[in-house]
Participant: 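Quick one: this structure, given as structure tokens, is what I'll be asking you about.
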Amino acid sequence: QVQLVESGGGLVQAGGSLRLSCAASGRTSSTYTMGWFRRAPGKEREFVAAISWSDGNTLYADSVKGRFTISRDNPKNTVYLQMDNLKPEDTAVYYCAARGSGIVQSREWGYDYWGQGTQVTVSS
């Protein structure tokens with residue numbers, strides 16, 4: 001099993017920044033790609049970004065390209081999501097996810113493990 005714990009959410013004004021962290025523990029050797037998803041009120045969960053542990057290859061949703069940056073710290077088994085120029089529409093619960101394949105992808109069903117989520121609220 002793999003456990004994922006998110007942190008770093010909070011309340012920020014539009015145009016501000018936040019950095020989310022996701023710490024992985026347990027059988028981390030079986031996780032090869034880490035992703036971030038989000039669920040806004042009244043909407044389905046959607047893909048945000050993903051990164052490969054091995055080569056650092058990344059993938060972003062169009063809605064966050066140029067504003068969000070995903071990165072990893074392999075020795076710490078931690079993935080980060082730096083969110084800049086936040087907008088009210090970024091308000092959501094953000095979830096960290098892991099999958100046992102090195103191919104980064106955006107489909108929710110491709111991820112095997114999920115964190116509990118952290119709330120991000122952007123005020124206008």
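All of these numbers come straight from a predicted model, not from anything done at the bench.
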Participant: Quick one: disulfide (SG to SG under 2.5 Å) pairs with a partner in residues 54-87, sequence neighbours left out?
Facilitator: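 Those involving residues 54-87 do not exist here.
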Participant: What I'd like to find out is whether the side chain of Glu108 reaches to under 4.5 Å of the side chain of Arg45, using heavy atoms alone.
Facilitator: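 When only atoms from C-beta onward are counted, Arg45 and Glu108 do touch, with a gap below 4.5 Å.
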Participant: Given side chains that start at C-beta, do those of Arg38 and Glu46 come closer than 4.5 Å, heavy atoms only?
Facilitator: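 They are in contact (side-chain heavy atoms under 4.5 Å apart), so the answer is yes.
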Participant: Side chains of Tyr32 and Ile103: closer than 4.5 Å at any heavy-atom pair?
Facilitator: no
Participant: Is any side-chain heavy atom of Leu18 closer than 4.5 Å to a side-chain heavy atom of Val120?
Facilitator: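 Heavy-atom side-chain distance check passes, below 4.5 Å.
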Participant: Would a 4.5 Å heavy-atom cut-off, applied to side chains only, mark Ile70 and Tyr80 as touching?
Facilitator: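 No, every pair of side-chain atoms sits at 4.5 Å or beyond.
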Participant: Can you give me the closest heavy-atom contact between Thr33 and Ala50, atom names plus distance?
Facilitator: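 Heavy-atom minimum between the residues: CG2-CB, 4.3 Å.
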Participant: Taking only residues two or more places apart in sequence, or in another chain, which ones meet Trp114 in a ring pair (Phe, Tyr, Trp, His ring centres under 6.0 Å)?
Facilitator: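 Listed in chain order: Phe37.
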Participant: Is there a continuous path of hydrophobic side-chain contacts, each under 4.5 Å between heavy atoms, that joins Val93 to Phe47?
Facilitator: yes
Participant: Going by salt bridge (charged side-chain N to carboxylate O under 4.0 Å, His left out), name the pairs with one or both residues in residues 3-12, residues two or more places apart or in two chains.
Facilitator: none
Participant: Specify the closest pair of heavy atoms between Ala14 and Pro88, including all atoms of both residues, with the distance to one decimal.
Facilitator: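 So the minimum-distance heavy-atom pair works out to CB-CD, 4.1 Å.
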Participant: For Arg19, check salt bridge (charged side-chain N to carboxylate O under 4.0 Å, His left out) against everything at least two apart and list the hits.
Facilitator: none
Participant: What pairs with Ser25 under side-chain contact (heavy atoms from CB on, under 4.5 Å), at least two apart in sequence or on another chain?
Facilitator: Gln3
Participant: Mind checking salt bridge (charged side-chain N to carboxylate O under 4.0 Å, His left out) for Asp62 and listing every partner two or more places apart, or none if nothing turns up?
Facilitator: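 Partners of Asp62 by the salt bridge (charged side-chain N to carboxylate O under 4.0 Å, His left out) criterion, ordered by chain and then number, come out as Lys65.
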Participant: Can you name the closest pair of heavy atoms from Ala24 and Leu4 and give their distance?
Facilitator: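 What the structure gives for the nearest pair is CB-CD2, 3.7 Å.
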Participant: Can you list every disulfide (SG to SG under 2.5 Å) pair that touches residues 50-81, not counting sequence neighbours?
Facilitator: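 Pairs touching residues 50-81 that pass the test: none.
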Participant: Using side-chain contact (heavy atoms from CB on, under 4.5 Å) as the criterion, list what pairs up with Asn85, not counting sequence neighbours.
Facilitator: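 Counting only residues at least two positions away or on another chain, Asn85 forms a side-chain contact (heavy atoms from CB on, under 4.5 Å) with Arg67.
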Participant: Please check if Val104 and Trp36 belong to a single hydrophobic cluster, counting links between Ile, Leu, Val, Met, Phe, Trp and Tyr side chain heavy atoms closer than 4.5 Å.
Facilitator: no
Participant: Search all heavy atoms of Thr78 against all heavy atoms of Ser21 and return the closest pair with its distance.
Facilitator: CG2-CB, 4.4 Å
Participant: What pairs with Gln105 under side-chain contact (heavy atoms from CB on, under 4.5 Å), at least two apart in sequence or on another chain?
Facilitator: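 Residues passing side-chain contact (heavy atoms from CB on, under 4.5 Å) with Gln105: Arg99, Arg107, Tyr111.
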Participant: Count I, L, V, M, F, W, Y as connected when their side-chain heavy atoms are under 4.5 Å apart, and connections chain through other members. Are Tyr95 and Leu20 then in the same cluster?
Facilitator: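 Unlinked, Tyr95 and Leu20 end up in two clusters.
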Participant: Under a plain distance cut-off of 3.5 Å, with no hydrogens placed, do Asp84 and Ser17 share a side-chain donor-acceptor pair?
Facilitator: yes
Participant: Decide yes or no for Thr91 and Gln119: does some side-chain heavy atom of the first lie under 4.5 Å from some side-chain heavy atom of the second?
Facilitator: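 Of all side-chain heavy-atom pairs linking Gln119 with Thr91, at least one is under 4.5 Å.
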Participant: Applying side-chain contact (heavy atoms from CB on, under 4.5 Å), run through Asp90 and Phe68 and close with a yes or a no.
Facilitator: CA-CA 11 Å; Asp90 294 318; Phe68 290 11; 3.9 Å; yes
Participant: Tell me every residue that passes salt bridge (charged side-chain N to carboxylate O under 4.0 Å, His left out) with Glu89, counting only those two or more places apart in sequence or in another chain.
Facilitator: none
Participant: Do Trp53 and Leu81 share a hydrophobic cluster (ILVMFWY, side-chain heavy atoms under 4.5 Å, transitive)?
Facilitator: yes
Participant: May I ask whether Val64 and Val12 are part of the same hydrophobic cluster, defined by side-chain heavy atoms of I, L, V, M, F, W, Y residues being less than 4.5 angstrom apart, directly or through others?
Facilitator: yes
Participant: Not counting sequence neighbours, list each pair that qualifies as a disulfide (SG to SG under 2.5 Å) and has a residue in residues 44-100.
Facilitator: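 Sorted result for residues 44-100: Cys22-Cys96.
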Participant: Show me the pairs that pass disulfide (SG to SG under 2.5 Å) and involve residues 39-82, at least two apart or across chains.
Facilitator: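 Listed once each, the pairs would be none.
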